[in-house]
Amino acid sequence: MYVWRLLIQHYFLRRLLPILTALYLLSFLDRSNIGNAKILGLASDLGVSPSEYNTSLALYFIAYVIFELPANIILKRFNPQIWLPTLTLLWGIVSVCQGLVKNKAGLFGIRFLLGVTEAGLFPGVIYVFSVYYRRHERSWRVALFFGGSSLAGAFGGILAYAIGKMDGIAGRKGWEWIFIIEGLITVAVSFLAYFIVPTWSHKAKFLTEPERERLLERLNADSDAGLIEKFDWFYVKQALTDHLVWAYAFLFHGYAFVLYSLSLFLPSIIQGLGFANWQAQLLTVPPNTLASISIWVTVWLTAKYEKRAFAIIAAAGVAIIGYIVLLTTKTAGAQYVGVHFAAAGVYTGNAILLSWPGENVSAQTKRAIAVAMQITIGDIGAVAGVLIYRPSLSANHFRIPHIIAIGYLLFSVLVASYLWWWMSSENRRRAEILASRKAETGDDEGELTPEEKQRQGDRALRYRYVI
(Lines give C-alpha, C1' and ligand atoms only; values in the text may rest on other atoms or scores of the structure.)
Protein backbone atom coordinates (compact mmCIF):
# COMPACT_ATOMS: atom_id res chain seq x y z
CA MET A 1 0.00 0.00 0.00
CA TYR A 2 2.81 2.41 0.87
CA VAL A 3 4.50 1.70 -2.46
CA TRP A 4 1.24 2.38 -4.31
CA ARG A 5 0.82 5.69 -2.45
CA LEU A 6 4.35 6.79 -3.36
CA LEU A 7 3.82 5.76 -6.99
CA ILE A 8 0.56 7.69 -7.32
CA GLN A 9 1.99 10.76 -5.54
CA HIS A 10 4.96 10.66 -7.93
CA TYR A 11 2.63 10.69 -10.93
CA PHE A 12 0.61 13.56 -9.49
CA LEU A 13 3.62 15.68 -8.62
CA ARG A 14 4.97 15.10 -12.11
CA ARG A 15 1.75 15.64 -14.05
CA LEU A 16 -0.65 17.81 -12.06
CA LEU A 17 1.25 20.30 -9.94
CA PRO A 18 3.95 21.61 -12.33
CA ILE A 19 1.72 22.34 -15.32
CA LEU A 20 -1.27 23.65 -13.34
CA THR A 21 0.98 25.85 -11.20
CA ALA A 22 2.63 27.16 -14.35
CA LEU A 23 -0.77 28.03 -15.82
CA TYR A 24 -1.75 29.96 -12.70
CA LEU A 25 1.60 31.73 -12.58
CA LEU A 26 1.00 32.89 -16.15
CA SER A 27 -2.59 33.84 -15.33
CA PHE A 28 -1.53 36.00 -12.40
CA LEU A 29 1.34 37.46 -14.39
CA ASP A 30 -0.92 38.42 -17.30
CA ARG A 31 -3.50 40.08 -15.04
CA SER A 32 -1.03 41.93 -12.78
CA ASN A 33 1.64 43.03 -15.27
CA ILE A 34 -0.46 46.11 -15.98
CA GLY A 35 0.95 47.46 -12.70
CA ASN A 36 4.47 47.18 -14.13
CA ALA A 37 3.32 48.62 -17.46
CA LYS A 38 1.77 51.62 -15.70
CA ILE A 39 5.03 52.90 -14.28
CA LEU A 40 6.60 52.52 -17.74
CA GLY A 41 4.11 54.97 -19.27
CA LEU A 42 0.98 53.01 -20.22
CA ALA A 43 -1.41 55.57 -18.74
CA SER A 44 0.19 58.63 -20.30
CA ASP A 45 0.65 57.00 -23.72
CA LEU A 46 -3.01 55.94 -23.91
CA GLY A 47 -4.36 59.15 -22.42
CA VAL A 48 -5.79 57.28 -19.45
CA SER A 49 -6.42 59.37 -16.34
CA PRO A 50 -5.60 57.91 -12.89
CA SER A 51 -9.27 57.20 -12.16
CA GLU A 52 -9.76 55.62 -15.59
CA TYR A 53 -6.77 53.37 -14.93
CA ASN A 54 -8.54 52.10 -11.80
CA THR A 55 -11.67 51.54 -13.88
CA SER A 56 -9.71 49.37 -16.29
CA LEU A 57 -8.57 47.22 -13.35
CA ALA A 58 -12.11 46.94 -12.01
CA LEU A 59 -13.49 45.86 -15.41
CA TYR A 60 -11.23 42.80 -15.33
CA PHE A 61 -12.68 41.65 -12.01
CA ILE A 62 -16.26 42.45 -12.99
CA ALA A 63 -15.90 40.08 -15.96
CA TYR A 64 -14.16 37.54 -13.72
CA VAL A 65 -17.07 37.60 -11.26
CA ILE A 66 -19.72 37.27 -13.98
CA PHE A 67 -18.15 34.31 -15.80
CA GLU A 68 -16.55 32.33 -12.97
CA LEU A 69 -19.53 30.25 -11.89
CA PRO A 70 -20.67 29.42 -15.47
CA ALA A 71 -17.10 28.38 -16.29
CA ASN A 72 -17.05 25.83 -13.47
CA ILE A 73 -20.43 24.43 -14.51
CA ILE A 74 -19.00 23.97 -18.03
CA LEU A 75 -15.91 22.28 -16.58
CA LYS A 76 -18.03 19.86 -14.57
CA ARG A 77 -19.95 18.86 -17.69
CA PHE A 78 -16.94 18.54 -20.01
CA ASN A 79 -13.20 17.73 -19.87
CA PRO A 80 -10.51 19.68 -17.98
CA GLN A 81 -7.86 18.37 -20.40
CA ILE A 82 -9.43 20.47 -23.16
CA TRP A 83 -11.13 23.24 -21.18
CA LEU A 84 -8.19 24.51 -19.09
CA PRO A 85 -5.60 24.68 -21.93
CA THR A 86 -8.19 26.34 -24.20
CA LEU A 87 -8.79 29.04 -21.59
CA THR A 88 -5.02 29.51 -21.35
CA LEU A 89 -4.69 29.88 -25.12
CA LEU A 90 -7.52 32.43 -25.24
CA TRP A 91 -6.24 34.65 -22.44
CA GLY A 92 -2.71 34.44 -23.87
CA ILE A 93 -4.02 35.87 -27.15
CA VAL A 94 -5.94 38.55 -25.24
CA SER A 95 -2.82 39.39 -23.24
CA VAL A 96 -0.84 39.93 -26.45
CA CYS A 97 -3.62 42.24 -27.62
CA GLN A 98 -3.12 44.36 -24.50
CA GLY A 99 0.15 45.43 -26.06
CA LEU A 100 -1.61 46.49 -29.25
CA VAL A 101 -4.25 48.85 -27.84
CA LYS A 102 -4.09 52.50 -28.92
CA ASN A 103 -6.59 54.25 -26.64
CA LYS A 104 -8.44 53.93 -23.36
CA ALA A 105 -11.53 52.38 -24.98
CA GLY A 106 -9.33 49.57 -26.27
CA LEU A 107 -7.78 49.16 -22.82
CA PHE A 108 -11.20 48.93 -21.16
CA GLY A 109 -12.44 46.34 -23.65
CA ILE A 110 -9.34 44.17 -23.56
CA ARG A 111 -9.21 44.13 -19.74
CA PHE A 112 -12.84 42.99 -19.60
CA LEU A 113 -12.09 40.27 -22.16
CA LEU A 114 -9.05 39.16 -20.15
CA GLY A 115 -11.32 38.70 -17.13
CA VAL A 116 -13.74 36.61 -19.21
CA THR A 117 -11.03 34.26 -20.46
CA GLU A 118 -9.17 33.88 -17.15
CA ALA A 119 -12.28 33.38 -15.00
CA GLY A 120 -12.45 29.59 -15.30
CA LEU A 121 -8.85 28.65 -14.51
CA PHE A 122 -8.50 29.06 -10.76
CA PRO A 123 -11.80 27.53 -9.60
CA GLY A 124 -11.42 24.85 -12.26
CA VAL A 125 -7.99 23.77 -11.03
CA ILE A 126 -9.12 23.77 -7.39
CA TYR A 127 -11.97 21.48 -8.37
CA VAL A 128 -9.68 19.17 -10.38
CA PHE A 129 -7.42 18.85 -7.32
CA SER A 130 -10.47 17.80 -5.29
CA VAL A 131 -11.09 14.77 -7.53
CA TYR A 132 -7.47 13.60 -7.49
CA TYR A 133 -6.36 14.09 -3.89
CA ARG A 134 -7.77 12.91 -0.59
CA ARG A 135 -9.09 15.60 1.72
CA HIS A 136 -6.01 15.94 3.95
CA GLU A 137 -3.72 15.97 0.88
CA ARG A 138 -5.35 18.94 -0.84
CA SER A 139 -4.32 21.94 1.26
CA TRP A 140 -0.60 21.98 0.59
CA ARG A 141 -1.13 21.10 -3.08
CA VAL A 142 -3.44 24.09 -3.41
CA ALA A 143 -0.85 26.17 -1.57
CA LEU A 144 1.93 25.12 -3.95
CA PHE A 145 -0.39 25.97 -6.81
CA PHE A 146 -1.36 29.34 -5.32
CA GLY A 147 2.33 30.04 -4.69
CA GLY A 148 2.43 30.69 -8.41
CA SER A 149 0.77 34.06 -7.70
CA SER A 150 3.59 35.28 -5.47
CA LEU A 151 6.17 33.79 -7.82
CA ALA A 152 4.46 35.71 -10.62
CA GLY A 153 4.99 38.89 -8.62
CA ALA A 154 8.67 38.15 -8.16
CA PHE A 155 9.19 36.85 -11.69
CA GLY A 156 7.09 39.67 -13.13
CA GLY A 157 9.23 42.38 -11.56
CA ILE A 158 12.40 40.95 -13.06
CA LEU A 159 10.76 40.35 -16.44
CA ALA A 160 9.28 43.85 -16.53
CA TYR A 161 12.67 45.38 -15.79
CA ALA A 162 14.33 43.36 -18.57
CA ILE A 163 11.56 43.76 -21.15
CA GLY A 164 11.32 47.48 -20.39
CA LYS A 165 14.79 47.80 -21.90
CA MET A 166 13.24 46.94 -25.28
CA ASP A 167 11.62 50.37 -25.42
CA GLY A 168 11.80 51.67 -29.01
CA ILE A 169 12.39 48.29 -30.69
CA ALA A 170 10.10 47.95 -33.76
CA GLY A 171 8.67 51.32 -32.82
CA ARG A 172 6.97 49.94 -29.70
CA LYS A 173 7.08 51.13 -26.12
CA GLY A 174 8.60 49.04 -23.36
CA TRP A 175 5.20 48.53 -21.69
CA GLU A 176 3.75 47.20 -24.96
CA TRP A 177 6.50 44.62 -25.16
CA ILE A 178 5.67 43.47 -21.60
CA PHE A 179 2.18 42.44 -22.68
CA ILE A 180 3.25 41.01 -26.04
CA ILE A 181 6.14 38.87 -24.83
CA GLU A 182 4.45 37.60 -21.69
CA GLY A 183 1.28 36.85 -23.69
CA LEU A 184 3.26 34.88 -26.28
CA ILE A 185 4.84 32.84 -23.47
CA THR A 186 1.32 31.98 -22.27
CA VAL A 187 0.23 30.95 -25.79
CA ALA A 188 3.26 28.68 -26.13
CA VAL A 189 2.64 27.00 -22.78
CA SER A 190 -1.05 26.49 -23.61
CA PHE A 191 -0.16 24.24 -26.55
CA LEU A 192 2.05 22.15 -24.26
CA ALA A 193 -0.76 22.00 -21.69
CA TYR A 194 -3.05 20.11 -24.09
CA PHE A 195 -0.67 17.14 -23.77
CA ILE A 196 -0.06 17.35 -19.99
CA VAL A 197 -3.18 18.60 -18.20
CA PRO A 198 -5.09 15.51 -16.99
CA THR A 199 -8.69 14.54 -17.55
CA TRP A 200 -10.97 13.28 -14.75
CA SER A 201 -9.48 10.82 -12.28
CA HIS A 202 -11.61 7.89 -13.45
CA LYS A 203 -10.32 8.41 -17.00
CA ALA A 204 -6.68 9.31 -16.20
CA LYS A 205 -4.65 8.12 -19.19
CA PHE A 206 -1.27 8.60 -17.51
CA LEU A 207 -2.14 5.79 -15.09
CA THR A 208 -2.41 2.09 -15.93
CA GLU A 209 -5.67 0.32 -15.18
CA PRO A 210 -4.41 -1.13 -11.82
CA GLU A 211 -3.03 2.28 -10.84
CA ARG A 212 -6.32 3.97 -11.71
CA GLU A 213 -8.28 1.40 -9.71
CA ARG A 214 -5.99 1.91 -6.74
CA LEU A 215 -6.38 5.68 -7.02
CA LEU A 216 -10.19 5.45 -7.04
CA GLU A 217 -10.07 3.02 -4.12
CA ARG A 218 -8.01 5.51 -2.09
CA LEU A 219 -10.35 8.37 -2.96
CA ASN A 220 -13.54 6.42 -2.21
CA ALA A 221 -12.20 5.39 1.20
CA ASP A 222 -11.70 9.05 2.12
CA SER A 223 -14.33 11.14 0.33
CA ASP A 224 -16.53 11.36 -2.77
CA ALA A 225 -13.60 12.17 -5.06
CA GLY A 226 -13.54 8.76 -6.71
CA LEU A 227 -17.23 8.71 -7.62
CA ILE A 228 -18.50 9.29 -11.14
CA GLU A 229 -21.09 11.89 -10.29
CA LYS A 230 -23.39 13.26 -12.96
CA PHE A 231 -24.36 16.90 -12.88
CA ASP A 232 -27.51 17.41 -10.79
CA TRP A 233 -29.20 20.72 -9.94
CA PHE A 234 -29.97 19.26 -6.50
CA TYR A 235 -26.34 19.83 -5.50
CA VAL A 236 -26.36 23.35 -6.93
CA LYS A 237 -29.30 24.19 -4.67
CA GLN A 238 -27.54 22.51 -1.77
CA ALA A 239 -24.49 24.72 -2.24
CA LEU A 240 -26.54 27.90 -2.57
CA THR A 241 -28.40 27.19 0.68
CA ASP A 242 -25.37 26.18 2.80
CA HIS A 243 -24.25 28.95 5.16
CA LEU A 244 -20.72 27.51 5.28
CA VAL A 245 -20.35 27.91 1.52
CA TRP A 246 -21.30 31.58 1.89
CA ALA A 247 -18.89 31.95 4.80
CA TYR A 248 -15.97 30.58 2.74
CA ALA A 249 -16.92 33.11 0.06
CA PHE A 250 -17.04 36.07 2.45
CA LEU A 251 -13.75 34.97 4.00
CA PHE A 252 -12.08 35.28 0.61
CA HIS A 253 -13.94 38.52 -0.04
CA GLY A 254 -12.03 40.15 2.80
CA TYR A 255 -8.71 38.69 1.77
CA ALA A 256 -9.21 39.35 -1.96
CA PHE A 257 -9.43 43.09 -1.30
CA VAL A 258 -5.89 43.13 0.04
CA LEU A 259 -4.54 40.45 -2.30
CA TYR A 260 -5.34 42.23 -5.53
CA SER A 261 -4.90 45.80 -4.33
CA LEU A 262 -1.44 44.85 -3.06
CA SER A 263 -0.40 42.83 -6.12
CA LEU A 264 -1.66 45.38 -8.66
CA PHE A 265 -0.48 48.50 -6.84
CA LEU A 266 2.75 47.17 -5.32
CA PRO A 267 5.00 48.76 -8.00
CA SER A 268 3.19 52.10 -7.54
CA ILE A 269 3.32 51.83 -3.73
CA ILE A 270 7.06 51.18 -3.81
CA GLN A 271 7.60 53.91 -6.38
CA GLY A 272 5.69 56.27 -4.08
CA LEU A 273 8.27 55.63 -1.35
CA GLY A 274 10.75 57.60 -3.46
CA PHE A 275 12.31 54.96 -5.69
CA ALA A 276 12.91 55.30 -9.43
CA ASN A 277 10.84 53.30 -11.94
CA TRP A 278 13.49 50.65 -12.52
CA GLN A 279 14.13 50.33 -8.78
CA ALA A 280 10.41 49.90 -8.09
CA GLN A 281 10.25 47.05 -10.63
CA LEU A 282 13.10 45.17 -8.97
CA LEU A 283 12.04 45.97 -5.41
CA THR A 284 8.80 44.04 -5.95
CA VAL A 285 10.87 40.84 -6.06
CA PRO A 286 11.91 40.47 -2.35
CA PRO A 287 8.40 40.82 -0.79
CA ASN A 288 6.93 38.39 -3.32
CA THR A 289 9.75 35.93 -2.72
CA LEU A 290 9.19 36.17 1.04
CA ALA A 291 5.48 35.56 0.43
CA SER A 292 6.27 32.35 -1.48
CA ILE A 293 8.48 31.06 1.33
CA SER A 294 5.87 31.99 3.92
CA ILE A 295 3.16 30.14 1.99
CA TRP A 296 5.10 26.90 1.77
CA VAL A 297 6.32 26.89 5.38
CA THR A 298 2.96 27.84 6.88
CA VAL A 299 0.94 25.40 4.80
CA TRP A 300 3.31 22.56 5.67
CA LEU A 301 2.71 23.36 9.36
CA THR A 302 -1.07 23.62 8.96
CA ALA A 303 -1.20 20.33 7.08
CA LYS A 304 0.85 18.65 9.80
CA TYR A 305 -1.07 20.06 12.76
CA GLU A 306 -4.53 20.50 11.13
CA LYS A 307 -4.88 24.16 12.12
CA ARG A 308 -6.41 25.91 9.10
CA ALA A 309 -8.51 28.54 10.90
CA PHE A 310 -5.74 29.51 13.31
CA ALA A 311 -3.28 29.95 10.44
CA ILE A 312 -5.71 32.12 8.45
CA ILE A 313 -6.27 34.37 11.48
CA ALA A 314 -2.53 34.52 12.25
CA ALA A 315 -1.72 35.42 8.63
CA ALA A 316 -4.24 38.27 8.82
CA GLY A 317 -2.48 39.45 11.96
CA VAL A 318 0.89 39.51 10.19
CA ALA A 319 -0.63 41.47 7.27
CA ILE A 320 -2.25 43.96 9.67
CA ILE A 321 1.15 44.53 11.30
CA GLY A 322 2.54 45.28 7.84
CA TYR A 323 -0.16 47.86 7.11
CA ILE A 324 0.31 49.46 10.54
CA VAL A 325 4.03 49.82 9.79
CA LEU A 326 3.14 51.44 6.45
CA LEU A 327 0.79 53.84 8.25
CA THR A 328 2.96 54.82 11.20
CA THR A 329 6.52 55.03 9.87
CA LYS A 330 8.03 57.85 7.87
CA THR A 331 11.18 56.47 6.25
CA ALA A 332 11.22 54.52 2.99
CA GLY A 333 13.23 51.70 4.54
CA ALA A 334 10.76 51.12 7.37
CA GLN A 335 7.78 51.27 5.05
CA TYR A 336 9.43 48.81 2.71
CA VAL A 337 9.69 46.42 5.68
CA GLY A 338 5.95 46.92 6.17
CA VAL A 339 5.41 45.87 2.56
CA HIS A 340 7.16 42.58 3.33
CA PHE A 341 4.92 41.86 6.33
CA ALA A 342 1.80 42.74 4.34
CA ALA A 343 2.78 40.53 1.38
CA ALA A 344 3.71 37.55 3.58
CA GLY A 345 0.45 37.69 5.54
CA VAL A 346 -1.86 38.38 2.61
CA TYR A 347 -0.52 35.70 0.28
CA THR A 348 -0.23 33.08 3.04
CA GLY A 349 -3.78 33.59 4.30
CA ASN A 350 -5.16 33.33 0.78
CA ALA A 351 -3.24 30.14 0.07
CA ILE A 352 -4.80 28.41 3.08
CA LEU A 353 -8.37 29.66 2.80
CA LEU A 354 -8.68 28.82 -0.90
CA SER A 355 -8.18 25.11 -0.17
CA TRP A 356 -10.75 25.01 2.64
CA PRO A 357 -13.95 24.43 0.59
CA GLY A 358 -12.15 21.72 -1.37
CA GLU A 359 -11.52 19.87 1.88
CA ASN A 360 -14.88 20.43 3.56
CA VAL A 361 -17.57 20.45 0.87
CA SER A 362 -19.11 17.26 -0.55
CA ALA A 363 -20.57 16.11 -3.09
CA GLN A 364 -18.62 16.90 -6.25
CA THR A 365 -21.07 19.25 -7.95
CA LYS A 366 -21.74 21.06 -4.68
CA ARG A 367 -17.99 21.45 -4.21
CA ALA A 368 -17.54 22.80 -7.75
CA ILE A 369 -20.25 25.41 -7.08
CA ALA A 370 -18.80 26.22 -3.65
CA VAL A 371 -15.33 26.82 -5.07
CA ALA A 372 -16.71 29.00 -7.85
CA MET A 373 -18.87 30.96 -5.37
CA GLN A 374 -15.87 31.54 -3.14
CA ILE A 375 -13.85 33.02 -5.98
CA THR A 376 -16.79 34.95 -7.43
CA ILE A 377 -17.88 36.66 -4.22
CA GLY A 378 -14.27 37.03 -3.17
CA ASP A 379 -13.39 38.88 -6.33
CA ILE A 380 -16.08 41.45 -5.62
CA GLY A 381 -13.66 42.42 -2.85
CA ALA A 382 -10.99 42.74 -5.52
CA VAL A 383 -13.22 45.18 -7.43
CA ALA A 384 -13.57 47.25 -4.26
CA GLY A 385 -9.81 47.13 -3.72
CA VAL A 386 -8.83 48.45 -7.12
CA LEU A 387 -11.43 51.22 -6.88
CA ILE A 388 -10.48 52.31 -3.35
CA TYR A 389 -6.77 52.52 -4.18
CA ARG A 390 -7.57 55.47 -6.42
CA PRO A 391 -5.66 58.72 -6.99
CA SER A 392 -7.96 60.86 -4.85
CA LEU A 393 -7.09 58.66 -1.85
CA SER A 394 -3.36 58.33 -2.53
CA ALA A 395 -2.33 61.10 -0.12
CA ASN A 396 0.20 60.14 2.58
CA HIS A 397 1.21 56.98 0.70
CA PHE A 398 -2.37 55.63 0.40
CA ARG A 399 -3.14 56.16 4.10
CA ILE A 400 -6.95 55.84 3.84
CA PRO A 401 -6.87 52.75 1.54
CA HIS A 402 -4.41 51.07 3.93
CA ILE A 403 -6.79 51.70 6.84
CA ILE A 404 -9.67 50.23 4.82
CA ALA A 405 -7.44 47.21 4.01
CA ILE A 406 -7.00 46.62 7.75
CA GLY A 407 -10.79 46.72 8.10
CA TYR A 408 -11.20 44.06 5.41
CA LEU A 409 -8.62 41.86 7.14
CA LEU A 410 -10.45 42.21 10.47
CA PHE A 411 -13.65 41.19 8.67
CA SER A 412 -11.88 38.04 7.44
CA VAL A 413 -10.73 37.31 10.99
CA LEU A 414 -14.36 37.44 12.17
CA VAL A 415 -15.54 35.11 9.39
CA ALA A 416 -12.69 32.64 10.02
CA SER A 417 -13.51 32.69 13.74
CA TYR A 418 -17.16 31.92 12.96
CA LEU A 419 -16.18 29.00 10.72
CA TRP A 420 -13.79 27.71 13.40
CA TRP A 421 -16.47 27.88 16.11
CA TRP A 422 -19.34 26.44 14.05
CA MET A 423 -17.45 23.52 12.51
CA SER A 424 -15.86 22.59 15.85
CA SER A 425 -19.29 22.60 17.51
CA GLU A 426 -20.81 20.58 14.66
CA ASN A 427 -18.04 17.98 14.76
CA ARG A 428 -18.65 17.52 18.51
CA ARG A 429 -22.43 17.36 18.02
CA ARG A 430 -22.16 14.65 15.37
CA ALA A 431 -19.73 12.63 17.46
CA GLU A 432 -22.08 12.79 20.46
CA ILE A 433 -25.08 11.70 18.36
CA LEU A 434 -23.21 8.72 16.92
CA ALA A 435 -21.89 7.73 20.35
CA SER A 436 -25.41 7.95 21.82
CA ARG A 437 -26.91 5.83 19.05
CA LYS A 438 -24.18 3.23 19.38
CA ALA A 439 -24.75 3.01 23.12
CA GLU A 440 -28.48 2.54 22.62
CA THR A 441 -28.61 0.25 19.59
CA GLY A 442 -25.06 -0.93 19.01
CA ASP A 443 -25.14 0.74 15.58
CA ASP A 444 -24.11 4.37 15.30
CA GLU A 445 -25.71 5.27 11.94
CA GLY A 446 -27.05 2.26 10.14
CA GLU A 447 -26.32 1.14 6.64
CA LEU A 448 -26.56 3.80 3.94
CA THR A 449 -26.61 3.10 0.23
CA PRO A 450 -23.89 4.77 -1.89
CA GLU A 451 -26.57 7.06 -3.34
CA GLU A 452 -27.69 8.13 0.15
CA LYS A 453 -24.10 8.82 1.22
CA GLN A 454 -23.53 10.84 -1.91
CA ARG A 455 -26.65 12.97 -1.44
CA GLN A 456 -25.93 13.60 2.23
CA GLY A 457 -22.37 14.66 1.42
CA ASP A 458 -20.84 16.86 4.11
CA ARG A 459 -24.12 16.79 6.06
CA ALA A 460 -23.66 13.10 6.94
CA LEU A 461 -23.17 12.32 10.63
CA ARG A 462 -19.88 10.53 9.96
CA TYR A 463 -18.49 13.50 8.03
CA ARG A 464 -15.93 15.60 9.95
CA TYR A 465 -14.88 19.10 8.97
CA VAL A 466 -11.20 19.96 8.64
CA ILE A 467 -10.62 22.93 10.93
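Values in this document were obtained by computation on a predicted structure and should not be read as measured data.
For F257, the ring pair (Phe, Tyr, Trp, His ring centres under 6.0 Å) partners are Y408, not counting sequence neighbours. Here A311 pairs with T298, T302, I352 under the side chain to side chain contact (heavy atoms under 4.5 Å, CB included) rule; sequence neighbours left out. Partners of F265 under the ring pair (Phe, Tyr, Trp, His ring centres under 6.0 Å) rule, at least two apart in sequence or in another chain, are Y389.
In this structure, the side chain of S190 engages the main chain of V187 through a donor-acceptor pair within 3.5 Å. At least one donor-acceptor pair closer than 3.5 Å links the side chain of T21 to the backbone N or O of L17. Judged by distance alone, with hydrogens and angles left aside, the side-chain atoms of Y336 form a donor-acceptor pair with the main-chain N or O of L283 at under 3.5 Å. Distance alone, capped at 3.5 Å, is enough to place a donor-acceptor pair between the S412 side chain and the L251 backbone. Within the 3.5 Å criterion, the main-chain N or O of A160 finds no donor-acceptor partner in the side chain of N36. A distance-only check finds no donor-acceptor pair linking the side chain of Q335 to the backbone of I270 [under 3.5 Å]. In this structure, the side chain of R430 engages the main chain of A460 through a donor-acceptor pair within 3.5 Å. For the pair R111 (side chain) and L59 (backbone), a donor-acceptor distance under 3.5 Å is absent.
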Give the table of side-chain donor-acceptor pairs shorter than 3.5 Å for residues 379-387, with sequence neighbours excluded, one pair per line with atom names and distance.
none

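Contact between S294 and A344 at its shortest, heavy atoms only, is OG-O, 3.8 Å. In terms of heavy-atom proximity, R459 sits nearest to T241 at NH2-OG1, 4.0 Å.
For T86 and Y194, the side-chain atoms include at least one donor-acceptor pair closer than 3.5 Å. Looking only at atom types and distance, the side chain of Y465 has no donor-acceptor partner in the side chain of R308 under 3.5 Å away.
The number of heavy-atom neighbours closer than 6.0 Å to CZ of F341, taken from other residues, nucleotides and ligands shown, is 12 or below. Atom CZ of F411 sits in a crowded spot, with more than 12 heavy atoms from other residues, nucleotides or ligands closer than 6.0 Å. Heavy atoms of other residues, nucleotides or ligands lying less than 6.0 angstrom from CH2 of W246 number 12 at most.
H243 and W422 have perpendicular rings, their planes meeting at more than 60° on a 0 to 90° scale where under 30° would count as parallel. Classification of the F250-H253 ring pair by plane angle, with boundaries at 30° and 60°, yields perpendicular. By the 30° and 60° cut-offs, the orientation of the rings of H402 relative to F398 is tilted.
Between the CD1 atom in I313 and the CH2 atom in W420 there is a gap of 5.5 Å [rounded to 0.5 Å]. The distance from the CG atom of L69 to the OG1 atom of T376 is 5.5 Å, given to the nearest 0.5 Å. In this structure, the separation between NZ on K38 and CD1 on I178 is 13.0 Å, given to the nearest 0.5 Å. Between atom OG of residue S95 and atom CD1 of residue I110 there is a gap of 9.0 Å, rounded to the nearest 0.5 Å.
Listed by first and then second residue, the salt bridge (Lys or Arg N to Asp or Glu O under 4.0 Å) pairs involving residues 234-257 are D242-K366 (not counting sequence neighbours). Listed by first and then second residue, the salt bridge (Lys or Arg N to Asp or Glu O under 4.0 Å) pairs involving residues 115-128 are R31-E118 (not counting sequence neighbours).
In this structure the side chain of L121 reaches within 4.5 angstrom of the side chain of W91, judged on heavy atoms. Here the side chains of I406 and L327 are in contact, with some heavy-atom distance below 4.5 Å. Residues S355 and I126 are not in side-chain contact: their nearest non-hydrogen atoms beyond the backbone lie 4.5 Å or more apart. You'll find the side chain of Y323 reaches within 4.5 Å of the side chain of L409, heavy atoms only. A heavy-atom distance below 4.5 Å is found between the side chains of I312 and Y255.
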Check against salt bridge (Lys or Arg N to Asp or Glu O under 4.0 Å), R429 and E426: CA-CA 5 Å; R429 186 188 72 85; E426 182 65 10; 2.7 Å; yes

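F252 has its ring centre no less than 6.0 Å from the ring centre of Y248.
Both tests hold for R141 against Y133: distance to the six-membered ring centre under 6.0 Å, angle to the ring axis within 45°.
Of the options L23, L29, L26, V94, a side-chain contact (heavy atoms from CB on, under 4.5 Å) to T186 is made by L26 and by none of the others.
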